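Below, chains carry the letters A, B, ... as their sequence lines are ordered, and counting in each starts from 1. Bear in mind the structure is a predicted one, so any value in this text is a computation, not a measurement.
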Amino acid sequence: MKGIIFNPVLLKELKLRFRTFKSFSGLMFYLSVLIIFVSGFLLVFTEFSLTGFFKPSESFMMFSVISVLQMGLVMFMAPALTAGSISTEREKQTLNILLTTTQTSAQIIVGKLLSSVAFLILMLIAGLPLYSIVFLFGGVSPWQFITMFFYYLVTLIAIGSIGIMISTLTKRTIVSMIATYGTMVFLGFITLFFYFIGLSLEQLFIAQNPNTAPFSPITYFWASINPGVLIVTLLSPDIKSALTESVGISFPNWIIYLIFYVLITALSLTIAIRKLRANMKTNR
Amino acid sequence: MIEIQNLTKKFGDFKALDGLNMTVGEGIVFGFVGANGAGKTTAFSILATLLAPTSGDAFIDGKSVVKEPQEVRRIIGYMPDFFGVYDQLKTDEYLDFYGACYGIPERERKVLIPQLLELVNLSDKRYEYVDLLSRGMKQRLCLARCLIHDPKVLILDEPASGLDPRARVEMREIIKHLKAMGKTILISSHILPELAEMCDEIGVIDKGKLITQGNVEAIQAQLQGNRHITVKVLNEVEKTVKFLEEDPFVSSIEVMEGHGEITFIYKGSKEEQMQLLRKAITAGLSIYAFMEEEKDLEDVYMAITKGADTK
Ligand SMILES: Nc1ncnc2c1ncn2[C@@H]1O[C@H](COP(=O)(O)OP(=O)(O)O)[C@@H](O)[C@H]1O
Ligand SMILES: [Mg+2]
């Protein structure tokens, strides 16, 4: 296990990552987006409240905005970091050399994943000082904060794994990028769209059969795997109960989210590890 | 040391390798020659465990490429025909990374890297970024990289291609050195003379098949019957050509326009060749030169692959 985690690919990737300007500019981009939003938010709210003070409820709202924003940034940055991880090596013709070394496929894939994850975590940590404002004004419990970070972690590892899998399967980075961002659009928006379609069908059905209670697990599934929905329901019990009532299922959506993303991670990594090298035995 | 058995690789319907059989003994520098597209890179990729064969197998030091690829990786050092380097990485970091990839402890790597750089004459480039090195230097660095885990077998795909003559000489010196270290070395090239000087044995591949294998002299002897002869005449080129065409042992007559130079291949014995010359002179042809060309390896190669074509 130690060999898989502290492997040469990870160490080299980290070294290179912190040496390039691209990473630095990525970090700057991320921080600027956060700062612009937070300062805009502060400006608007202190202007509008008569006292010029920031109330705990507003602080909570800002926390919500930052949380959704950070999830969005995770979903935006993770593909950029991982979707090229194998295919750029293929394009730069460094992959074949790496594959003839005695590193196992699992070590190479995990090394690539962890180096990207480490960078994303660094980004999240770099954004931490902004939360100090939130804590200053109250309205947010440390537990909520920890939960949020836990889900960021689950999500970024899953997205990273998807990106690496697609990067392993595609020949060209550009194709891999498009496919990975396509997957993000699916998870972030299309799932929500499916949820609303399911919901309207449901309502149509209930209108025709007035005595039935709503029950639509598939519709609930689409909503449950949407990262935005997860964040919002974690933050607001009202929205959460509105969601569960709309589909007639009270099973917690975060469990579905967790199971789904852990499975996606496991599946993506397994495929990536299997497909990294030519299968000498069965590819006949 | 290397045994290739009935190796076949199909890309769709196209057979890049067609039942390739080959054996290379331990400590031998083996030259693998073939025109572009003959299947050299395909064969080497399979040996390097990068490509799965459609059928057949290859054994390196008794380890099956198909069944024990991880074991094979431990014993081979592979240099692809085209390869890249990571930018932002320095020469010693480059070697250190691959050393780590082979599981060599850091302390050993620290000792090994200067030695390897010394071996390939790159000691002075130790702290330079690899992507800034010249092609020849990258090629040598890649060779050093192949050696980091002290493999028994080296598989070098066109190591001298794209190098200037000086860099090529350097590469050749290094390979001689590696041979002295007892490595079994497989080198491919589409240029035979390039290989002849450093190889013990040569195998010729064409259309995915091994046409001939043996030491350089043996391959030359195989073609002993064919002599390339150049005749120079002052005038009456056509008459001379006609005269030559009548001889049953003469073939492939070619005329260099304007120079009065005629070349042909002669298959007869030395006696018969002498008779031909005597007859030509008594026939009054204006021959002032009659030369047997030194057969270089390129000709051998051309003749062998041509022979394969007509089969
Ligand atoms: N991935 C591939 N897909 C289809 N054809 C290929 C592939 N790789 C090689 N070939 C074909 O196989 C033949 C042998 O190629 P190669 O082994 O690279 O030859 P060489 O190295 O001797 O020049 C060529 O005709 C080439 O076009
Ligand atoms: Mg080739």
Engineer: So does B:Arg135 have more than 12 non-hydrogen atoms from other groups sitting under 6.0 Å from CZ?
Structural biologist: yes

Engineer: Can you establish whether the number of heavy atoms outside B:Tyr129 located under 6.0 Å from its atom OH is more than 12?
Structural biologist: yes

Engineer: Would you mind checking which part of B:Leu51 comes under 4.5 Å of any heavy atom in chain A, side chain (CB onward), backbone (N, CA, C, O), both or neither?
Structural biologist: backbone

Engineer: Using a 4.5 angstrom heavy-atom cutoff, name the option from B:Cys146, B:Cys101, B:Ala48 with the most pairs to chain A.
Structural biologist: B:Cys101

Engineer: Is it true that, when you exclude A:Ile174 itself, more than 12 heavy atoms of the residues, nucleotides or ligands shown sit nearer than 6.0 Å to its CD1?
Structural biologist: no

Engineer: Enter the distance from A:Thr101:OG1 to B:Ile148:CD1 here, rounded to the nearest 0.5 Å.
Structural biologist: 11.5 Å

Engineer: For chain B, find which of A:Glu91, A:Lys92, A:Arg277 contributes the most heavy-atom pairs closer than 4.5 angstrom.
Structural biologist: A:Arg277

Engineer: Go through the steps to decide whether A:Gln103 and B:Tyr102 satisfy the test side chain to side chain donor-acceptor pair (under 3.5 Å), and finish with yes or no.
Structural biologist: CA-CA 7 Å; A:Gln103 284 292 294; B:Tyr102 281 104; over 6 Å; no

Engineer: With a 6.0 Å cut-off (strictly less than), is the heavy-atom count around CD of B:Glu118, excluding the residue itself, greater than 12?
Structural biologist: no

Engineer: Sub-3.5 Å donor-acceptor pair from the side chain of B:Arg73 to the main-chain atoms of A:Thr102, do we have one?
Structural biologist: no

Engineer: Using a 6.0 Å cut-off, check whether atom CZ of B:Phe82 has over 12 heavy atoms from anything other than its own residue.
Structural biologist: no

Engineer: Heavy-atom distance under 4.5 Å to chain A: side chain of B:Asp87, backbone, both or neither?
Structural biologist: both

Engineer: Ion pair present between A:Lys12 and B:Glu93, side-chain N to carboxylate O less than 4.0 angstrom?
Structural biologist: no

Engineer: Do you know which of A:Asn96, A:Leu99, A:Ile108, A:Leu11 has the most heavy-atom pairs under 4.5 Å to chain B?
Structural biologist: A:Asn96

Engineer: Answer yes or no: is there a side-chain heavy-atom contact under 4.5 Å between A:Leu98 and B:Phe97?
Structural biologist: yes

Engineer: Taking the side chain as every heavy atom from C-beta outward, state whether A:Met280 and B:Pro53 have any atom pair closer than 4.5 Å.
Structural biologist: yes

Engineer: Using non-hydrogen atoms and a 4.5 Å limit, figure out which bit of B:Val65 sits close to chain A: side chain, backbone, both or neither.
Structural biologist: both

Engineer: Would you say A:Arg19 has more than 12 foreign heavy atoms packed within less than 6.0 Å of its CZ?
Structural biologist: yes

Engineer: Please determine, among B:Lys10, B:Glu71, B:Arg74, the option with the most heavy-atom pairs under 4.5 Å with chain A.
Structural biologist: B:Arg74

Engineer: Check each atom of B:Cys142 against the heavy atoms of chain A and say whether the ones under 4.5 Å are side chain, backbone, both or neither.
Structural biologist: side chain

Engineer: Could you pull out the closest heavy-atom pair between A:Thr94 and B:Tyr86, with the gap in Å?
Structural biologist: OG1-CE2, 3.7 Å

Engineer: For A:Gln93, I'd like to know if atom CD has over 12 heavy atoms of other residues, nucleotides or ligands within 6.0 Å.
Structural biologist: yes

Engineer: Report, as yes or no, whether the 6.0 Å neighbourhood of atom CZ on A:Phe186 holds more than 12 heavy atoms from other residues, nucleotides or ligands.
Structural biologist: yes

Engineer: Chain B heavy atoms under 4.5 Å from A:Leu16: which part of the residue, side chain, backbone, both or neither?
Structural biologist: side chain

Engineer: Checking an interface table here. Which of residues 151-171 of chain A come within a heavy-atom distance under 4.5 Å of chain B?
Structural biologist: none

Engineer: Please step through side chain to side chain contact (heavy atoms under 4.5 Å, CB included) for the pair B:Arg145 and A:Ile97, ending with a clear verdict.
Structural biologist: CA-CA 9 Å; B:Arg145 191 219 85 235; A:Ile97 295 177; 3.2 Å; yes

